[in-house]
Participant: 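My questions all concern the structure below.
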Amino acid sequence: KRKYKKPKTGEIIEVAGMKWKVLDKLEEGYLVIADEFYGKDREFDDSCNDWKSSDLRLKLNTDLRKRIEDELGKGSLVWFERDLFSLDGQTEYGKCKDYVSLITVDEYRKYRKLLPNTDKWWWTLTPCSTSCNDDSRWIAVVSPSGDIHLNSYYCSFGVRPVCIFSSSIFESEEDDE
């Protein structure tokens, strides 16, 4: 399988026919976000704002995961924890683990300097609130100007997947010598 040169934060690498921007170098690999939109605009889900049961989550963790692993091999993606903490501080949805996911609002704020404005609205996985507050409808979305807004799970927006590419797909320091 293909090996990549170790990227720097902010660099773009091409994997599975998509451009990925490196957001961070982590212990287990490189946190990346699609620097373009994945496929057509999609609904978050057809019934609620909980990422764990989202149709979009299933699609990313099956179809896109397979596409990436077909190119890079099994073990090229790191299974990582996603915090479903709501904007109003609810923890009811808990946490989950994904191979391919969406960015949270907290991650968006952390990496905002690396994420320029786009011409489209796009999903985060952060709910506004949760069903314990009779709110299983609203999810944070990023506007074309970079602001955070709320919209309903059944609307269609752009998808910018996020994942961690394993350090194993990158050349080691010894390979450079």
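The chain is numbered in sequence order, starting from 1. These numbers were taken from a predicted model, which means no experiment stands behind them.
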Participant: Within the 3.5 Å criterion, strictly below it, is a donor on Y111 or D24 matched to an acceptor on the partner's side chain?
Facilitator: yes

Participant: Can you list everything that forms a side-chain contact (heavy atoms from CB on, under 4.5 Å) with K59? Sequence neighbours excluded, please.
Facilitator: R42, D63

Participant: Taking only residues two or more places apart in sequence, or in another chain, which ones meet D55 in a salt bridge (charged side-chain N to carboxylate O under 4.0 Å, His left out)?
Facilitator: none

Participant: Keeping the roles fixed (side chain from N49, backbone from W138), state whether a donor-acceptor pair exists under 3.5 Å.
Facilitator: yes

Participant: Taking all non-hydrogen atoms of both residues into account, name the closest pair between S54 and L56 and its distance.
Facilitator: OG-N, 3.0 Å

Participant: Search all heavy atoms of V105 against all heavy atoms of T126 and return the closest pair with its distance.
Facilitator: N-OG1, 2.9 Å

Participant: Answer yes or no: is there an ion pair linking K120 with E36, defined by an N-O contact shorter than 4.0 Å?
Facilitator: no

Participant: Could you walk me through whether D98 and W51 satisfy the side-chain hydrogen bond (donor to acceptor under 3.5 Å, both in side chains) test, starting with their C-alpha distance in whole Å, then the side-chain angles of each, then the deciding distance to 0.1 Å, before giving a yes or no?
Facilitator: CA-CA 10 Å; D98 289 327; W51 177 247; 2.7 Å; yes

Participant: Which atoms form the tightest heavy-atom contact between L64 and P161, and what is the distance?
Facilitator: CD2-CG, 3.5 Å

Participant: Enumerate donor-acceptor pairs with a distance under 3.5 Å from any side-chain N or O in residues 141-150 to protein atoms, sequence neighbours excluded.
Facilitator:
| unit_1 | atom_1 | unit_2 | atom_2 | d |
| --- | --- | --- | --- | --- |
| S143 | OG | S145 | N | 3.3 |
| S143 | OG | S145 | OG | 3.0 |
| S143 | OG | G146 | N | 3.4 |
| S143 | OG | D147 | N | 3.1 |
| S143 | OG | D147 | O | 3.4 |
| S145 | OG | D147 | OD2 | 3.3 |

Participant: Does any non-hydrogen side-chain atom of I68 lie less than 4.5 Å from one of W20?
Facilitator: yes

Participant: Kindly write out the residues that satisfy side-chain contact (heavy atoms from CB on, under 4.5 Å) with D83, not counting sequence neighbours, or none if the list is empty.
Facilitator: F85, K95

Participant: Are F37 and V162 connected into the same hydrophobic cluster when the rule is that any two of I, L, V, M, F, W, Y join if their side-chain heavy atoms are below 4.5 Å apart?
Facilitator: yes

Participant: Between L114 and L102, is there a shared hydrophobic cluster once you connect ILVMFWY residues whose side-chain heavy atoms come closer than 4.5 Å?
Facilitator: no

Participant: Going by atom types only, do S131 and E92 share a side-chain donor-acceptor pair under 3.5 Å?
Facilitator: yes

Participant: Hey, could you give me the CG/CZ distance between D45 and R137, rounded to the nearest 0.5 Å?
Facilitator: 13.5 Å

Participant: Quick check: does any side chain N or O of S166 sit under 3.5 Å from a backbone N or O of G29, one acting as donor and the other as acceptor?
Facilitator: no

Participant: Determine, step by step, whether E28 and S167 satisfy the side chain to side chain contact (heavy atoms under 4.5 Å, CB included) criterion, reporting the C-alpha distance in whole Å, the side-chain angles of both residues, the deciding distance to 0.1 Å, and the verdict.
Facilitator: CA-CA 6 Å; E28 57 277 342; S167 295; 6.0 Å; no

Participant: Return the CG to CD distance between L84 and Q90, rounded to the nearest 0.5 Å.
Facilitator: 13.0 Å

Participant: Tell me yes or no: between the side chains of S129 and D88, is some donor less than 3.5 Å from an acceptor?
Facilitator: yes

Participant: If we ignore hydrogens and angles and just use 3.5 Å, is the side chain of K3 paired with the main-chain N or O of S168 as donor and acceptor?
Facilitator: yes

Participant: Are L60 and L72 grouped together when hydrophobic residues (ILVMFWY) are joined by side-chain heavy atoms under 4.5 angstrom apart?
Facilitator: yes

Participant: Can you tell which of R57, K52, E107, K97 makes a side chain to side chain contact (heavy atoms under 4.5 Å, CB included) with R82?
Facilitator: E107

Participant: At their closest point, which heavy atom of K21 faces which heavy atom of D35, and how far apart are they?
Facilitator: CE-OD1, 3.6 Å

Participant: Can you name the closest pair of heavy atoms from L115 and Y108 and give their distance?
Facilitator: CD1-CD1, 3.8 Å

Participant: Counting C-beta onward and ignoring hydrogens, is there a side-chain heavy-atom pair between S53 and C48 closer than 4.5 Å?
Facilitator: yes

Participant: Say whether Y153 and D46, considering side chains only, have a donor N or O and an acceptor N or O under 3.5 Å apart.
Facilitator: no

Participant: Who are the side-chain contact (heavy atoms from CB on, under 4.5 Å) partners of V22, not counting sequence neighbours?
Facilitator: P7, Y30, V32

Participant: Which distance, rounded to the nearest 0.5 Å, do you find between the CH2 of W79 and the CG of N61?
Facilitator: 10.5 Å

Participant: Are Y93 and S86 close enough that some pair of their side-chain heavy atoms sits under 4.5 Å apart?
Facilitator: no

Participant: Measuring from atom CG of L26 to atom CG of L31, what distance do you get when rounded to the nearest 0.5 angstrom?
Facilitator: 5.5 Å

Participant: Give a yes or no on whether a salt bridge exists between D70 and R67, defined as a side-chain N under 4.0 angstrom from a carboxylate O.
Facilitator: no

Participant: After noting the C-alpha distance and the side-chain angles of F170 and I13, does the key distance pass the side chain to side chain contact (heavy atoms under 4.5 Å, CB included) rule?
Facilitator: CA-CA 11 Å; F170 298 96; I13 57 174; 4.0 Å; yes

Participant: If I take atom OG from residue S156 and atom NZ from residue K40, how far apart are they, to the nearest 0.5 angstrom?
Facilitator: 7.5 Å

Participant: So, Y4 side chain and E14 main chain: donor-acceptor pair closer than 3.5 Å or not?
Facilitator: yes

Participant: Would you name the heavy atoms of A140 and T124 that are closest together and state the gap between them?
Facilitator: O-OG1, 2.7 Å

Participant: A quick test of your reading: do over 12 heavy atoms of other residues, nucleotides or ligands sit less than 6.0 Å from CD of E81?
Facilitator: yes

Participant: Is there a path of hydrophobic side-chain contacts, each under 4.5 Å between heavy atoms of I, L, V, M, F, W or Y residues, that connects I139 with W122?
Facilitator: no

Participant: Applying side chain to side chain contact (heavy atoms under 4.5 Å, CB included), run through T130 and D50 and close with a yes or a no.
Facilitator: CA-CA 8 Å; T130 63; D50 186 349; over 6 Å; no

Participant: Show your reasoning for whether side chain to side chain contact (heavy atoms under 4.5 Å, CB included) applies to I103 and L125.
Facilitator: CA-CA 6 Å; I103 200 167; L125 62 68; over 6 Å; no

Participant: Let me confirm one number: the CE-CD1 distance from M18 to I12, rounded to the nearest 0.5 Å.
Facilitator: 11.0 Å

Participant: I'd like to know if I169 and I164 are part of one continuous hydrophobic network [Ile/Leu/Val/Met/Phe/Trp/Tyr, side-chain heavy atoms within less than 4.5 Å].
Facilitator: no

Participant: Tell me, please, which residues at least two apart from W123 pass ring-ring contact (aromatic ring centres under 6.0 Å, His included).
Facilitator: F44, F157

Participant: Would a distance-only check, ignoring hydrogens and angles, find a side-chain to backbone donor-acceptor pair under 3.5 Å from E43 to C155?
Facilitator: no

Participant: So does E69 pair up with R65, basic N to acidic O under 4.0 Å?
Facilitator: yes

